[in-house]
Amino acid sequence: MKRRNFLVAAGAAFVAGCNRIAETDAGKAVLNAAESWHKSAHRLLVDREALAPEYPKSAISPFFRGNGSTDPQNGDYPRHVEEGFANWRLEVGGLVANPLSLSLENIRRLPQRTQITRHDCVEGWSAIGEWTGPQLSVLLDAARLSEDARFIVFRCADNLSGADYYESVDLIDAYHPQTIVAHTLNGEPLPIRNGAPLRMRIERQLGYKHAKYLTAVEAVASLDGIGDGQGGYWEDRAGYQWYAGI
Ligand SMILES: Nc1nc2c(c(=O)[nH]1)N[C@H]1C(S)=C(S)[C@@H](COP(=O)(O)O)O[C@H]1N2
Ligand SMILES: [Mo]
């Protein structure tokens, strides 16, 4: 990960200059402070990269309920339902060198990850499901994310009370191994209520971050000017935390 390389490089540069500094008491104090800074930065990264628990098949919930939009009626969505999503595209764009426009077939041919995880909604319910899809990192690497990208925005097809649903994460969550673009739930194509034909799974985050009806993945330098600037539909409207780590 770029950020980790940066920390390692910064640490190495720092150590290179340390022998002389260490000869003074003030220098020692600075080194101790830097060491504890490095330790806590490292702990934070390790914690953010830890995997969410995965469960055995026997733990899968018999019914994975839908929440929020469960049957979008706006825009092109009903036509896509009629077409069996044969013409659905996922755009990967924004701050990338090589923008992509992928069909579901393109997405199903990428290397896949399957994971049985628990979804936790802030409204107080949970469900365990088995999700399959390519890691978002595979798409971002294929699109060649630029150096100035800091966030990934997820665009959705559903319009809820006048605004398009959207969400966003930082690059740590975007590159987390369990962050996948899911097309399959419990071995079947996603039901409409759960985000057909594509939805994000971001397993270290609360339910509202898992954007359904995914149409585009957009790399940006800042969340200003996206929606109302708070990074997501519920963040803009109800003051939900942008960072919803679990
Ligand atoms: N596009 C879109 N994504 C969404 C929502 C939504 O209304 N629209 N609801 C969110 C919330 S609050 C939750 S808990 C989950 C629900 O996922 P589910 O419908 O598969 O249970 O989707 C999230 N992603
Ligand atoms: Mo939710």
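Read the numbers this way: they start at 1 and go in the same order the structure lists the ligands and their atoms. For reference, positions follow the sequence shown, starting with 1.
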In ligand 1, which numbered atoms sit nearer than 4.0 Å to a non-hydrogen atom of Cys156? 1 (N)
Going by the angle between their ring planes, with limits at 30° and 60°, are Tyr165 and Tyr233 parallel, tilted or perpendicular? parallel
Atom 7 (O) of ligand 1 has as its nearest protein heavy atom Ser69 N, 2.9 Å
Contact between ligand 1 and Trp125 is defined here as a heavy atom of the residue under 4.0 Å from a ligand atom; is it met? yes
Is Tyr233 in contact with ligand 1, taking contact as a heavy-atom separation below 4.0 Å? no
Any idea which of His210, Glu123, His119 brings a heavy atom closest to atom 16 (C) of ligand 1? His119
So among Glu203, Arg204, Glu54, Gln135, which one has a side chain to side chain donor-acceptor pair (under 3.5 Å) with Gln178? Glu54
In ligand 1, which numbered atoms sit nearer than 4.0 Å to a non-hydrogen atom of Arg193? 19 (O)
Please list, in number order, the atoms of ligand 1 under 4.0 Å from a heavy atom of Tyr213. 1 (N)
List ligand 1 atoms under 4.0 Å from Cys121, heavy atoms only on the residue side. 14 (S)
Met200 touching ligand 1 at heavy-atom level, < 4.0 angstrom: no
Among all protein non-hydrogen atoms, which one is nearest to atom 17 (O) of ligand 1, and what is the separation to 0.1 Å? Arg199 NH2, 3.0 Å
